[in-house]
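Working notes, structure below.
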Amino acid sequence: MEQFKIMEDLRVYLKTLEKWFARPVVKGEHPTLYLNPNSSNKDVINGIQRDDFIFSSCGNWIHPSDEHGLSFSAHWQHLKGIHRMKSKRNPGVPVSVYWVLEASDIPSGLAFIADPRDRKKQHYLLCATERMHVEKLREKLEWIADRMSVIRDAQVGL
């Protein structure tokens, strides 16, 4: 285990890794689910934002898609931009960065896929790769969140 004294040390270390995925999260929110009523202005089903995945018409099933999923940054510049946007929308509230390595054990039925709309390949989606019940997706997203590393109040380093 290595300890980083400053964010620059972490930035240099991350460059040596094959792939990592990060997600800025406002204090009090969950890293993979929308549990607070104010955390999303969109329709949320069982903690999952309806726009992030393709739901069945009944709302109980998630269909696989390479173009829909939970948003993650895979490049330092993209991460900085998203962090800056979240900080501006939530003035005075700390924004932490939750991250996971590509080599991490992601549950079956989920995969990180480059956003097809991003030519630079800096934005990735955590996509459903198989049909699953909404409850199962929620369990998998909770499992991933429990294993994510966190940089608390990342403003200074970014």
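Counting begins at 1 with the first residue of the sequence.
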Can you tell if the side chain of [X] reaches within under 4.5 Å of the side chain of [Y], non-hydrogen atoms only?
X	Y	answer
Glu142	Leu33	yes
Val100	Trp20	no
Val95	Val25	no
Arg131	Pro64	yes
Ile62	Ile54	no
Phe21	Leu126	no
Val150	Val97	no
Pro24	Leu79	yes

Please list, one pair per line, the donor and acceptor atoms closer than 3.5 Å that link side chains of residues 107-115 to other protein atoms, with sequence neighbours excluded.
| residue | atom | partner | partner atom | Å |
| --- | --- | --- | --- | --- |
| Asp115 | OD1 | Arg117 | N | 3.0 |
| Asp115 | OD1 | Arg117 | NE | 3.3 |
| Asp115 | OD1 | Arg117 | NH2 | 3.4 |
| Asp115 | OD2 | His123 | ND1 | 2.6 |

**Message:** If the threshold is 4.0 Å, N to carboxylate O, is there a salt bridge linking Glu135 and Arg138?
**Reply:** no

**Request:** Working to the nearest 0.5 Å, report the span between CZ of Phe55 and CD of Gln49.
**Result:** 9.5 Å

**Message:** So, taking the atom named CD1 in Ile82 and the one named CD in Gln122, what distance separates them when rounded to the nearest 0.5 Å?
**Reply:** 10.0 Å

Donor-acceptor under 3.5 Å ([X] side chain, [Y] main chain):
X	Y	answer
Asp52	His68	no
Thr32	Ala145	no
Ser73	His75	no

**Complete:** Applying ring-ring contact (aromatic ring centres under 6.0 Å, His included) to His133 and not counting sequence neighbours gives Trp61

**Lys121 atom NZ: more than 12 heavy-atom contacts under 6.0 Å** = yes

**Request:** Flag yes if more than 12 heavy atoms outside Lys86 fall under 6.0 Å of its NZ atom; otherwise flag no.
**Result:** yes

**Request:** Mark yes or no: Arg23 above the aromatic ring of Tyr98, with NZ or CZ under 6.0 Å from the six-membered ring centre and no more than 45 degrees from the axis.
**Result:**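 So Arg23 doesn't make the cation-pi contact.
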
Please find the pair of heavy atoms, one from [X] and one from [Y], that lie closest to each other, and give the distance.
X	Y	result
Ala74	Tyr124	CB-CD1, 3.4 Å
Leu125	Asp66	CD1-O, 4.3 Å
Tyr34	Val44	O-CG1, 3.7 Å

